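Everything numeric here is computed off the predicted structure, so don't read it as measured data. Throughout, protein chains are lettered first and strands after them, A, B, ... in sequence-line order, and every chain is numbered starting at 1.
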Amino acid sequence: MLKMHHLSKVYRTHLIETHALRDFSIHVKNGEFVAVTGPSGSGKTTFLNIAGLLEEFSGGEYFLDGVDVRGMNDAARSRLRNEKIGFIFQGFNLIPDLNLFDNVDVPLRYRGFNAAERRRRIEQALSRVGLSARMKHYPSELSGGQQQRVAIARALAGSPKILLADEPTGNLDTQMARGVMQLLEELHAEGATIIMVTHDPELAARAQRNVHVIDGQVVDIQAEPRLRSVGAPPLQSAQA
Amino acid sequence: MELRPILSALMRSRVALVLLGLQIALTLAIVCNSLFIISERAALMERPSGMNEADTFILASIGFGADFNLKNAIADDLAMLRALPGVVAAAPINSLPMTNGGWSSGLSLTREQKTSSAYSAMYFSDDQALAAMGAQLIAGRLYRPEELGERTRKTAGWPPVIIITRALGHKLWPGQDPVGKTVWLDTEAEASTVIGVIDRLQAPWVHNEEVVEFATVLPEVINEGAFTRYIIRAAPGQRDAVMKAAEAKLAEINPSRIVREGKTLEKVRAEAYAGDRAMMIILGVVIASLLVITALGIVGMASFWVTLRTKQIGTRRALGATRGAILRYFLAENFVITSIGLLLGTALAYGFNVWLIRHYQTQAMPWYYVPVGCLSLWLLGQLAVLGPARRASRVPPAMATRSV
Ligand SMILES: Nc1ncnc2c1ncn2[C@@H]1O[C@H](COP(=O)(O)OP(=O)(O)O)[C@@H](O)[C@H]1O
Ligand SMILES: [Mg+2]
């Protein structure tokens with residue numbers, strides 16, 4: 001589903017070069033639920049941004065659903081992103097001036113679906129996250145947990161190949177975080193492929209597989225699925 | 001494209017929408033009406049006076065001293081002027097088109113009627129008047145020497161023959177040839193017979209729409225007081241030289257008077273319409289300022305919104321929007337705002353026009369002003385928003401995850 005080989009990412013400013021990813025290799029299979037952990041600044045978001053075609057990479061190879069994305073132009077990347085990727089952000093990133101219906105509608109309009117198809121998908125996605133009764137509400141009228149559910153509905157509505165979540169529970173209290181995590185687990189059980197960045201070892205432990213990133217490199221892949229009895233979390237610290 | 005969500009999103013920032021919409025509405029209303037007023041003034045200024053303005057000038061003579069004899073002075077002056085090299089024709093005349101001062105008189109078709117059938121400017125001159133002015137006789141004949149006379153304070157009645165403009169003839173006898181018709185300039189005196197018709201000669205009062213085309217040329221030279229005005233037409237290209245020579249010669253042949261008012265008809269026209277020209281310039285400045293202010297308002301508001309929505313734009317990009325889609329979003333948003341403004345502006349523009357018609361006797365604005373104005377403001381809006389919209393389209397998709 002997602003394959004990166006010796007991928008590198010260098011940020012250049014006129015003063016410094018930051019090697020955000022180096023020799024980064026990962027293979028995520030169809031239907032996997034992968035948690036990416038690592039200290040702050042280790043390159044987790046960079047990895048997710050490249051995976052989601054939000055940023056380009058400096059070297060190496062990346063195949064998304066079998067497609068070599070190197071050298072693709074901006075419009076083609078936008079289209080691929082729209083079709084294959086569902087993004088879930090730490091800050092929800094709902095559009096405050098649009099109601100829930102219109103928020104979920106945003107990627108579907110870029111996709112070019114007709115009105116009936118969009119409506120069907122929006123209603124289905126919102127009902128999947130348990131918010132179909134609030135379609136006409138605005139994001140500000142919802143709790144954080146509910147907003148993240150809307151964002152998940154928005155990510156799901158286009159039937160993407162893969163869900164990418166960057167600290168999806170980072171802005172939520174424990175209880176709401178648990179609810180969102182449960183939803184992701186259910187989606188995974190229904191067959192979704194999910195890559196989730198988190199710094200919460202407890203949440204990471206609930207994923208099928210953990211990828212630990214330090215200094216832009218994958219250091220430890222726990223190959224055993226559902227390995228819950230992790231001892232002391234490795235190299236964790238409080239981070240955003 | 002996505003007009004409905006754009007509209008509903010705009011409804012959430014209603015104050016900005018109302019302010020910008022009102023600005024656009026007022027701009028449309030004021031620009032359309034101002035342009036119309038400008039075009040009306042321009043049309044006013046473009047009306048021909050009926051004279052040859054390029055080659056013609058006027059001079060005034062004011063006599064002084066006990067031995068100044070006006071009648072003799074006029075005779076001497078005319079003899080000199082008509083003999084002056086480069087002079088095509090010269091005539092004494094009391095007033096002229098575009099000078100805003102002169103005599104007028106009522107004309108009656110019957111002796112019995114109480115109110116006049118028309119009012120007309122009265123130009124007192126001689127048989128050279130039309131030649132000097134460059135006015136065209138289209139029917140009848142000019143005055144014969146034996147028909148010429150003079151007018152003093154004591155002159156009773158009116159000359160038995162007159163020449164009138166075509167417009168005045170049409171007003172008095174619609175559809176008929178005025179030549180040979182009689183008309184009373186004074187119902188207590190004798191009637192006058194029309195012997196000639198001038199194609200066109202304006203009255204002095206160019207801003208009086210009702211009488212501006214009604215003029216009568218009388219075969220009488222004013223012999224009263226010490227003031228005389230001459231109208232002199234030079235051969236093409238010689239006006240300025242002839243004017244200088246005529247001024248000098250007039251002063252020379254009769255030292256008991258001063259020569260004044262040496263003025264080309266072009267200058268007379270410029271002075272007559274100075275107010276109109278000033279009005280056109282002021283309105284032009286108003287239009288330009290309004291357009292600039294409105295464009296800047298759109299640029300400012302759009303820039304502010306792009307900055308405010310940087311993260312939202314990144315999110316849209318992350319959700320699959322192309323750069324073009326972001327660009328189109330801002331263009332479409334501007335189109336929606338402008339259209340709302342123009343809808344209101346159309347009503348305002350016509351309302352303003354109706355108000356002007358009521359209070360300032362302007363005409364109804366031709367139908368195409370508002371549609372053309374709308375098109376122009378749509379274009380202005382799209383051009384103004386293009387810069388901010390392009391900036392928005394360059395927001396990187398990573399802004400969705402990188403910004404707080
Ligand atoms: N746009 C950028 N320009 C320069 N450096 C960047 C940029 N984005 C991220 N970085 C750097 O890349 C490294 C990895 O960042 P990131 O992927 O955000 O880490 P994480 O998400 O694990 O906290 C950090 O050192 C960060 O400062
Ligand atoms: Mg991060």
K.L.:
Counting heavy-atom pairs closer than 4.5 Å to chain A, which one of B:P396, B:A9, B:A318 comes out on top?
P.N.:
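Among B:P396, B:A9, B:A318, the one with the most close pairs to chain A is B:A318.
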K.L.:
Are any of the side-chain heavy atoms of B:T401 and A:L48 separated by less than 4.5 Å?
P.N.:
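Heavy-atom side-chain distance check fails, nothing below 4.5 Å.
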K.L.:
Which residues in residues 93-105 of chain A have any heavy atom lying under 4.5 Å from a heavy atom of chain B?
P.N.:
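Within residues 93-105 of chain A, near chain B: A:N93, A:I95, A:P96, A:D97, A:L98, A:D102.
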K.L.:
Please find the pair of heavy atoms, one from A:N82 and one from B:L319, that lie closest to each other, and give the distance.
P.N.:
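Of all heavy-atom pairs spanning A:N82 and B:L319, the closest is ND2-O, 2.8 Å.
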K.L.:
Identify the heavy atoms of A:Y110 and B:A321 that sit nearest to each other, and give their distance.
P.N.:
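Shortest heavy-atom contact: CZ-CB, 3.4 Å.
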K.L.:
Using a 6.0 Å cut-off, check whether atom CZ of B:F304 has over 12 heavy atoms from anything other than its own residue.
P.N.:
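Check fails, neighbour count at 12 or below.
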K.L.:
If contact means a heavy atom pair closer than 4.5 Å, which residues of residues 119-146 of chain A contact chain B?
P.N.:
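Within residues 119-146 of chain A, near chain B: A:Y138, A:S140.
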K.L.:
Which residues pass the side-chain contact (heavy atoms from CB on, under 4.5 Å) test with B:T307, not counting sequence neighbours?
P.N.:
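Per chain and number, B:T307 pairs via side-chain contact (heavy atoms from CB on, under 4.5 Å) with B:R391.
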K.L.:
More than 12 heavy atoms of other residues, nucleotides or ligands under 6.0 Å from CE of B:M279: is that the case?
P.N.:
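Counting other residues, nucleotides and ligands, CE of B:M279 stays at 12 neighbours or fewer.
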K.L.:
How long is the span from the CZ atom in B:R4 to the CZ atom in A:R109, to the nearest 0.5 Å?
P.N.:
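With rounding to 0.5 Å, CZ (B:R4) is 5.5 Å from CZ (A:R109).
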K.L.:
Answer yes or no: are there more than 12 heavy-atom neighbours, outside B:Q363 itself, under 6.0 Å from its atom CD?
P.N.:
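Atom CD in B:Q363 is not crowded, with 12 or fewer foreign heavy atoms closer than 6.0 Å.
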K.L.:
State whether the number of non-hydrogen atoms from other residues, nucleotides or ligands found under 6.0 Å of B:R390 atom CZ is greater than 12.
P.N.:
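Not buried by this count: 12 neighbours or fewer within 6.0 Å.
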K.L.:
Who are the side-chain contact (heavy atoms from CB on, under 4.5 Å) partners of B:R309, not counting sequence neighbours?
P.N.:
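B:W305, B:Q312, B:I313, B:Y329, B:F330, B:E333.
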K.L.:
Pick whichever of A:T45, A:I85, A:L53, A:D74 has the most heavy-atom pairs under 4.5 Å with chain B.
P.N.:
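Highest number of heavy-atom pairs under 4.5 Å: A:D74.
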K.L.:
Can you list the steps and then say if A:R77 with B:T322 is a side-chain hydrogen bond (donor to acceptor under 3.5 Å, both in side chains)?
P.N.:
CA-CA 9 Å; A:R77 295 163 67 86; B:T322 57; over 6 Å; no
K.L.:
By a 4.5 Å heavy-atom criterion (distance strictly below it), what part of A:R111 contacts chain B: side chain, backbone, both, or neither?
P.N.:
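For A:R111, there is no contact with chain B at all, as no heavy atom is under 4.5 Å.
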